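Please read the structure below before turning to the comments.
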Amino acid sequence: MPNKKKSEKLKTVLPSGGEDISFFEQVYDVVRQIPRGRVTSYGAIAAYLGTRMSARMVGWAMSGAGAVKPKVPAHRVVNRNGMLSGKAAFATPTLMEELLAKEKIKVKDDTILDFEKKFWDPAVELAL
DNA sequence: CTCCTGACTCAGC
DNA sequence: GGCTGAGCCAGGA
């Protein structure tokens, strides 16, 4: 079956230094490390990767989060406001909220309550 | 090959 | 204090 590495398509042009992983994989790696009951923002991940302004790429990387394995808890990633901007990208627009609810995360009006309290900063937790 | 859009964010008005 | 524009990287038409 002609299918082995879909990520190969996402092959990046990262500077030759040893890092062959793409920007997307870096995002996935960080997101997978998000502990249960915690959430983070695209900007935080982007900042952790060193590209604060490329938060869009982070969100976009999440577009393939459901297609990449192992599974990426994209539902724990929201925008800077804590709003579930990407809920529409899930199987169902309510799936994201449900998943968060299972982690004891309260969501009101598509926005995470106590967001800053449940906020998980990779730059701090991972202390890179 | 060029143009546009996209799960964002910041700065300016 | 809310809206608009610009910047970011990458992929699809």
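All values derive from a computational prediction rather than experimental measurement. By convention in this document, chain letters (A, B, ...) are assigned in the order of the sequence lines, proteins followed by strands, and residues within each chain are numbered from 1.
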Does one hydrophobic cluster hold both A:I112 and A:M83, with members joined at side-chain heavy-atom distances below 4.5 Å? no
Duplex segments of DNA chain C, taken as runs of at least three Watson-Crick or G-U pairs that stay under 3.5 Å: B:2-6 with C:9-13, B:8-13 with C:2-7
Distance-only, no hydrogens or angles: does the A:Y48 side chain make a donor-acceptor pair with backbone N or O of A:D121 under 3.5 Å? no
Should A:F115 and A:L84 be counted in the same cluster of Ile, Leu, Val, Met, Phe, Trp and Tyr side chains packed under 4.5 Å apart? yes
Tell me the closest heavy-atom pair linking A:R36 and A:R76, and the distance in Å. CA-NH2, 3.7 Å
Provide, to the nearest angstrom, the distance between the CD atom belonging to A:Q26 and the C1' atom belonging to C:dC8. 15 Å
What's the verdict on salt bridge (Lys or Arg N to Asp or Glu O under 4.0 Å) for A:R38 and A:E125, showing C-alpha distance, side-chain angles and the deciding distance? CA-CA 11 Å; A:R38 298 286 185 195; A:E125 303 300 324; over 6 Å; no
Looking only at atom types and distance, does a side-chain atom of A:D109 sit under 3.5 Å from a main-chain N or O of A:T111, one as donor and one as acceptor? no
Quick check: closest heavy atoms across A:T40 and A:F119, and the distance to 0.1 Å? CA-CE1, 3.9 Å
Same cluster for A:I105 and A:W120 if Ile/Leu/Val/Met/Phe/Trp/Tyr side chains link at under 4.5 Å? no
Spell out protein contact along nucleotides 6-13 of chain B as letters: B when the base is contacted, S when just the sugar-phosphate is, - when no protein heavy atom is under 4.0 Å; keep the 5' to 3' order. BBBSS---
